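The analysis underlying the following values was restricted to heavy atoms, covering all of them including side chains, and did not include hydrogens, waters or symmetry mates. Small disclaimer: the values here were computed from a predicted structure and weren't measured.
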Amino acid sequence: MGKIHVVTRKEEIDEVKMDNKIAVVFDVLLATSTITTVLHYGAVSVIPVLDGDQARERSAGMNKDEYILVGEYEGRTIEGFLDPNPSALKDTAAGKKVILSTTNGTVAVHKSSPAKKVYACSLLNSKAVADALPASLEDETIIIVCSGSSGQFSLEDFYGAGYLIHQLSAQEGWSLSDSALTAKLFYEGSIQEPAMVLGQSRVGKMLEEYGFREEITFISNRDCFRTVPVLIGDELVDFNRIKVSSN
């Protein structure tokens with residue numbers, strides 16, 4: 001029977017145990033929502049990095065018109081980088097490689113990379129990711145990674161994890177760990193109120209204080225994109241484009 005488990009903070013990721021698992025990373029506010037959005041609006045790929053220095057190193061040797069540097073650390077935009085808010089990057093990212101550095105989400109992707117597949121998920125594309133994941137198979141395990149916030153549990157990532165599990169549960173044969181079941185029940189208890197849940201989270205309140213309430217409203221839209229970011233090498237690309245190019 002296939003299994004679904006939720007890791008509630010990136011610090012809990014056991015990279016050895018990720019081997020042969022499928023990882024789905026959530027950083028709803030904001031990294032995975034940003035990744036989903038820029039790929040939907042035509043970014044070539046998103047290159048997740050650990051910090052600003054690694055971003056600059058990754059861009060070395062690339063043509064300046066080939067990429068954009070996007071990033072924040074502890075909620076503040078890295079000097080010389082673009083702000084990683086999804087709506088601000090819709091037009092800027094088209095046709096570019098987005099080198100992205102965030103405090104939590106891009107680090108979680110790196111820590112999850114030993115898995116056999118790594119997806120980035122948000123409320124914006126949860127159904128698309130659920131559809132792309134394999135039907136429940138014997139011994140298949142999905143690890144849903146909540147990035148958390150600087151070592152702390154994050155409400156919005158747990159809510160997103162619950163939404164994905166809610167969708168996957170329509171397929172028979174999945175066995176849920178206690179953390180996965182708790183996330184599912186939490187989502188189903190607030191199923192009509194995503195914007196409220198995100199706005200009440202610690203990071204949501206911080207974004208509101210910074211004047212980014214419209215980002216929370218946008219990110220709260222469920223399943224408006226069919227984009228499925230999957231890690232190939234060190235770049236996140238839209239799985240749908242891979243399928244088209246291979247046909």
* Asked: What are the two closest non-hydrogen atoms of Ala115 and Lys21, and how far apart are they?
  -> CB-O, 3.3 Å

* Asked: Any side-chain donor-acceptor pair under 3.5 Å between Glu74 and Ser150?
  -> yes

* **Euclidean distance, Leu155 CG relative to Leu198 CG, rounded to 0.5 Å** => 8.0 Å

* Spell out, as yes or no, whether a donor-acceptor pair under 3.5 Å connects the side chain of Ser126 to the backbone of Leu123. => no

* May I have the step-by-step check of side chain to side chain contact (heavy atoms under 4.5 Å, CB included) for Val203 and Ser154, ending in yes or no? => CA-CA 8 Å; Val203 177; Ser154 62; 5.5 Å; no

* Salt-bridge test for Lys10 and Asp27: reply yes if a basic N is under 4.0 Å from a carboxylate O, no otherwise. => no

* Asked: How many angstroms lie between SG in Cys224 and NE2 in His40, if you round to the nearest 0.5 Å?
  -> 7.5 Å

* Structure fact -> In terms of heavy-atom contacts, Ala195 and Ile216 come closest through O-CG2, 4.1 Å

* Asked: Crowded around Lys127 NZ? As in, over 12 foreign heavy atoms under 6.0 Å?
  -> no

* Please name all residues satisfying ring pair (Phe, Tyr, Trp, His ring centres under 6.0 Å) with Tyr73, sequence neighbours left out, ordered by chain then number. => none

* Which of these, Thr36, Val228, Asp238, Thr37, sits in a side chain to side chain contact (heavy atoms under 4.5 Å, CB included) with Asn125? -> Thr36

* To do: Calculate, to the nearest 0.5 Å, the distance between atoms CD and CD belonging to Gln54 and Glu57 respectively.
  => 6.5 Å

* Single-linkage hydrophobic cluster Leu30~Ile99, side-chain heavy atoms < 4.5 angstrom -> no

* Can you check whether Cys121's main-chain N or O pairs, donor with acceptor, with Thr32's side chain at less than 3.5 Å? -> yes

* Structure fact -> For Tyr67, the ring pair (Phe, Tyr, Trp, His ring centres under 6.0 Å) test, sequence neighbours excluded, returns none

* Asked: For Val107, which fellow cluster members are found when Ile, Leu, Val, Met, Phe, Trp and Tyr are connected by side-chain heavy-atom distances below 4.5 angstrom, either directly or through intermediates?
  -> Leu50

* Do Lys96 side-chain atoms and Thr92 backbone N/O form a donor-acceptor pair below 3.5 Å? -> no

* Arg226 backbone acceptor or donor facing Asn240 side chain under 3.5 Å -> yes

* Looking at Gln171 and Ala130, what are the two nearest heavy atoms and their distance? -> NE2-O, 4.0 Å

* To do: Mind checking ring pair (Phe, Tyr, Trp, His ring centres under 6.0 Å) for His110 and listing every partner two or more places apart, or none if nothing turns up?
  => none

* For Ala120 and Val129, work out which heavy atoms get closest and say how close. => O-CG2, 4.0 Å

* Asked: So, the side chain of Ser190 versus the backbone of Glu193: is there a donor-acceptor pair under 3.5 Å, distance only?
  -> no

* Asked: With ILVMFWY side chains joined below 4.5 Å, transitively, what does Met18's cluster contain besides itself?
  -> Val7, Ile13, Val25, Ile35, Val38, Leu39, Val46, Ile68, Val70, Leu82, Leu89, Val98, Leu100, Val109, Val118, Ile143, Val145, Leu231, Leu236

* Asked: Counting N and O atoms only, with roles assigned by atom type, does the side chain of Ser33 sit under 3.5 Å from a partner on the main chain of Leu29, one being a donor and the other an acceptor?
  -> no

* Is the number of heavy atoms from other residues, nucleotides or ligands under 6.0 Å of Lys116 NZ greater than 12? -> yes

* Does Phe81 share a hydrophobic cluster with Tyr210, counting links as ILVMFWY side-chain heavy atoms below 4.5 Å and allowing steps through other members? -> no

* Could you tell me whether the side chain of Ser177 reaches within less than 4.5 Å of the side chain of Lys3, counting heavy atoms only? => no

* Does Val6 offer a backbone N or O that forms a donor-acceptor pair with the side chain of Ser179 under 3.5 Å? -> yes

* Structure fact -> The reported gap from CD1 in Ile144 to CG in Leu133 (rounded to nearest 0.5 angstrom) is 8.5 Å

* With the 4.5 Å side-chain cut-off for hydrophobic clustering, are Met62 and Val44 part of the same group? -> no

* Asked: Distance-only, no hydrogens or angles: does the Asp14 side chain make a donor-acceptor pair with backbone N or O of Val16 under 3.5 Å?
  -> yes

* Structure fact -> Taken to the nearest 0.5 Å, the spacing of Ser169 OG from Leu176 CG works out to 5.0 Å

* Lys117 NZ: over 12 foreign heavy atoms closer than 6.0 Å -> no

* **Cluster overlap Leu164 with Val230, hydrophobic side-chain contacts below 4.5 Å** => yes

* To do: Verify, without hydrogens or angle tests, whether Asn221 (side chain) and Leu124 (backbone) share a donor-acceptor contact under 3.5 angstrom.
  => no

* May I ask you to decide if the ring planes of Phe239 and Tyr119 are parallel, tilted or perpendicular, using 30° and 60° as cut-offs? => perpendicular

* In chain order, what residues pass the side chain to side chain donor-acceptor pair (under 3.5 Å) check against Tyr163, with sequence neighbours excluded? -> Gln167, Asp223

* CA sep, side-chain torsions, deciding dist, call: Thr182, Phe158, side chain to side chain contact (heavy atoms under 4.5 Å, CB included) -> CA-CA 9 Å; Thr182 303; Phe158 200 61; 3.9 Å; yes

* Structure fact -> On a heavy-atom basis, the closest approach of Ala88 and Glu215 is N-OE2, 4.1 Å

* So, the side chain of Ser147 versus the backbone of Phe26: is there a donor-acceptor pair under 3.5 Å, distance only? -> yes

* Does any non-hydrogen side-chain atom of His166 lie less than 4.5 Å from one of Ile191? -> yes

* Asked: Same cluster or not: are Phe212 and Ile78 linked, directly or through other Ile, Leu, Val, Met, Phe, Trp or Tyr residues, by side-chain heavy atoms under 4.5 angstrom apart?
  -> no

* Side chain to side chain, Ser101 and Val49, heavy atoms closer than 4.5 Å -> yes

* **Min side-chain heavy-atom separation Lys111-Glu15 under 4.5 Å** => yes

* **Value rounded to 0.5 Å, distance of NE2 in His5 from CD1 in Ile142** => 13.0 Å

* Structure fact -> Shortest non-hydrogen pair, Trp174 vs Glu140, comes out as CZ3-O, 3.9 Å

* Asked: Asp65 and Asn63: side-chain donor and acceptor closer than 3.5 Å?
  -> no

